[in-house]
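Only one structure is covered here, and it is reproduced in the block below.
In the text below, chain A, chain B and the rest are named by the order of the sequence lines, each starting its count at 1.
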Amino acid sequence: MEKKVRVRFAPSPTGGLHLGGVRTVLYNYLFARKHGGDFIVRIEDTDQGRYVPGAEEYIFDTLRWCGLEPDESVQHGGAFGPYRQSERKESYRQYAEQLINDGHAYYAFDTPEELEKMRQDHRTNENPSPQYDHTIRMTMRNSLSLTAEETKQLLEAGTRHVIRIKMPVNETIRFTDMIRGEVVFESNTVDDKVLLKADGMPTYHLAVVVDDHLMQISHAFRGEEWLPSAPVHIHLWKYLFGLDQMPQWAHFPLILGPSGKLSKRDGAKYGFPVFAMNWTDPKTGELTEGFKEKGFLPEAFINLLALLGWNDGTEQEIFLKEELIEKFSMDRVHSAGAKFDYEKARWFNHEWIKKSAVGSLESGVRTLLEASGLNNIDSAKLQAGDYIGKGSLYTDS
RNA sequence: GGCCCGUUCGUCUAAGGGCUAGGACACCACCCUUUCACGGUGGUGAUACGGGUUCGAAUCCCGUACGGGCUACCA
């Protein structure tokens, strides 16, 4: 029997959700709906140092606004909880220990200073960023280079340590990406990534594999920036649960700004929103504008996002969510990155505004007019268009 | 530097061996319109380069160039 389709979006709550993130949600959602599967949102909050209050709420508010509600999540419940990785902390260590017992991982006691020194000592023009890999691990302080007795003593003394994967030597690693086809890596070029941090939290690498397994994820979709760490994850699957259990993967093309991967900086610099909704950084008070507050209709927003890297093969550009669900297919997702074009985004919104009934637009327009300082707005006048020119759905100036 | 991914109009893209390389955004011109919108017609504009394979290549292979990503006890 075919495994039930279960996909997940796994954001880390560190700030606003930007275009690329929402598109990843969208493609997950469409895929799940199309195949009668489940869409799960799992909060990846394993870095307590980057915890940002409000970010998690913001993510769910955004999904609600977009109409992309998950079936299972912190807020929606489900049979595979907890859906917040910090609450799953205890379960990760046993998997890391299991890897050590099986000879696929090891304890490493190197301090940050020692790591820095290693990088310093090995840094050359040829090799500007030395890795903690098979060529140097025996020169570091870990359970591979130390005797069993020394390791035991360090552990018993409560020495701060991490657990690293022991990447094999001379292995060719390959997998089939749903978008890119076969991708090949040499294990020698991959470093011994940290799996469990000194604070007992897992890194993304361990957590994503363990949780995808525990939550019975059938297809794992993420951005292209994750492609280089795929060999680590493949090995973890192989060692922990078996390659035949591994979800099918697809790495989405990046959404590019004027110069490289789209960042929230680009928005401020070039004057277009990057986040789905307004986001105010609780620490700095800095506001990053969102599409919602810029006057974008959620239907237009997901429509334009869908077409950024995917099309149905026809010349249709305006799609209802239902049509997207019906027509979406992973093999029509592009492999090349797409540069975000704000003008085209505005056109999508324009088309959706034209399709909308006047009444349905009223409250949004009213909000925008009020935001630009107009009060005592008369509903009849508003619908008659008397306020045109006083403000704009595209409040750019 | 190493590894990985990618490369069709300025931008998003279609065409998965056989066409004058199609559409959309933007831009330009014209038309419609009292204004603002809307709408209509037309136009400029692309297969990175070099080798193969083939009767035939934007499509397949190799190389080069260029672009991007990754290279943290961040995701």
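Using a 4.0 Å heavy-atom distance criterion, Arg160(A) is classed as making no nucleic acid contact. Across all strands shown, Val190(A) has no heavy atoms under 4.0 Å from either base or sugar-phosphate atoms. If you check every strand for non-hydrogen atoms under 4.0 Å, Phe348(A) touches nothing. Arg332(A) comes within contact range of the sugar-phosphate backbone alone, with a heavy-atom separation under 4.0 Å but no base atom that close. When heavy atoms are screened at a 4.0 angstrom cut-off, Ser129(A) is found touching base atoms of the nucleic acid. Backbone-only contact: His334(A) has heavy atoms under 4.0 Å from sugar-phosphate atoms and none from a base. In this structure, Gly49(A) reaches neither bases nor backbone, as no heavy-atom distance under 4.0 Å exists between it and the strands shown. Glu343(A) comes within 4.0 angstrom of the backbone, heavy atoms only, and of no base. Within the nucleic acid shown, Thr124(A) has no heavy atom closer than 4.0 Å to any nucleic acid atom. Looking at heavy-atom distances under 4.0 Å, Arg119(A) makes contact with sugar-phosphate atoms alone, never a base. Nucleic acid contact class of Asp110(A) (heavy atoms, under 4.0 Å, all strands): base.
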Quick one: which protein N/O atoms are closer than 3.5 Å to N/O atoms of nucleotides 21-23 of chain B? Pair and distance per line, please.
{"residue": "rG22(B)", "atom": "O2'", "partner": "Glu315(A)", "partner atom": "OE2", "Å": "3.1"}
{"residue": "rG23(B)", "atom": "O4'", "partner": "Glu315(A)", "partner atom": "OE2", "Å": "3.0"}

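The pair Asp212(A)-Arg42(A) meets the salt-bridge criterion, with a side-chain N (NZ, NE, NH1 or NH2) lying under 4.0 Å from an Asp/Glu carboxylate O. Look at Lys344(A) and Asp341(A) and you find no salt bridge, because none of the NZ, NE, NH1 or NH2 atoms lies under 4.0 Å from a carboxylate O.
In this structure rA29(B) sits in a base pair with rU41(B), meeting the Watson-Crick or G-U test at under 3.5 Å. Of all nucleotides present, only rA48(B) satisfies the Watson-Crick or G-U wobble test against rU64(B), with each distance under 3.5 Å. Across all strands shown, the partner of rG1(B) is rU71(B), judged by Watson-Crick or G-U wobble contacts whose two distances both fall under 3.5 Å. Under the Watson-Crick or G-U wobble criterion, with both distances below 3.5 Å, rG18(B) is paired with rC55(B).
Of the possible polar contacts, none joining the Lys292(A) side chain to the Phe275(A) backbone as a donor-acceptor pair under 3.5 Å is found. The main-chain N or O of His251(A) is found under 3.5 Å from a side-chain atom of Arg180(A) such that the two form a donor-acceptor pair. Listed for the Arg6(A) side chain is a donor-acceptor partner under 3.5 Å among the backbone atoms of Met215(A). For Asp71(A) (side chain) and Phe39(A) (main-chain N/O), a donor-acceptor pair under 3.5 Å exists by modelled atom type.
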Test log, rule side chain to side chain contact (heavy atoms under 4.5 Å, CB included), inputs Tyr204(A) and Trp226(A):
CA-CA 11 Å; Tyr204(A) 170 81; Trp226(A) 289 106; 3.1 Å; yes

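Atom CD of Glu351(A) and atom P of rA37(B) are 16 Å apart (whole Å). The CH2 atom of Trp347(A) sits 18 Å away from the P atom of rU11(B) (whole-angstrom rounding). In this entry the distance linking CG of Leu254(A) with P of rC12(B) reads 13 Å, nearest Å.
Remark: Pro282(A) engages Val52(A), Pro53(A), Trp279(A) in a side chain to side chain contact (heavy atoms under 4.5 Å, CB included) (not counting sequence neighbours). For Asp192(A), the salt bridge (charged side-chain N to carboxylate O under 4.0 Å, His left out) test picks out Arg137(A), with sequence neighbours left out. Residues satisfying the salt bridge (charged side-chain N to carboxylate O under 4.0 Å, His left out) criterion with Asp191(A), sequence neighbours excluded, are Lys193(A).
Of the residues in residues 193-210 of chain A, those placing a heavy atom less than 4.0 Å from an atom of RNA chain B are Val194(A), Lys197(A), Ala198(A), Pro202(A), Thr203(A), Tyr204(A), in numerical order. Residues from residues 175-183 of chain A that place a heavy atom under 4.0 Å from any atom of RNA chain B, listed by number: Arg180(A), Val183(A).
Comparing the same atom, P, in rA58(B) and in rU47(B) gives a spacing of 11 Å after rounding to whole Å. rC74(B) and rG16(B) have their C1' atoms separated by 39 Å, given to the nearest Å. rG67(B) sits 40 Å from rC30(B) when the P atoms are compared, rounded to a whole Å. Rounded to whole Å, the C1' atom of rA72(B) lies 44 Å from the corresponding atom of rA15(B). Here, rU33(B) and rC12(B) have their P atoms 38 Å apart, quoted to the whole Å. With both ends at atom C1', the span from rU54(B) to rC61(B) equals 12 Å, rounded to whole Å.
A cation-pi arrangement is present between Arg33(A) and Tyr29(A) under the rule of less than 6.0 angstrom and at most 45 degrees off the ring axis.
Which of rG10(B), rG1(B), rA24(B) sits closest to the side chain of Glu126(A) comes down to rG1(B).
For the pair Val7(A)/Asp38(A), no side-chain contact is recorded, criterion being any heavy-atom separation below 4.5 Å from C-beta on.
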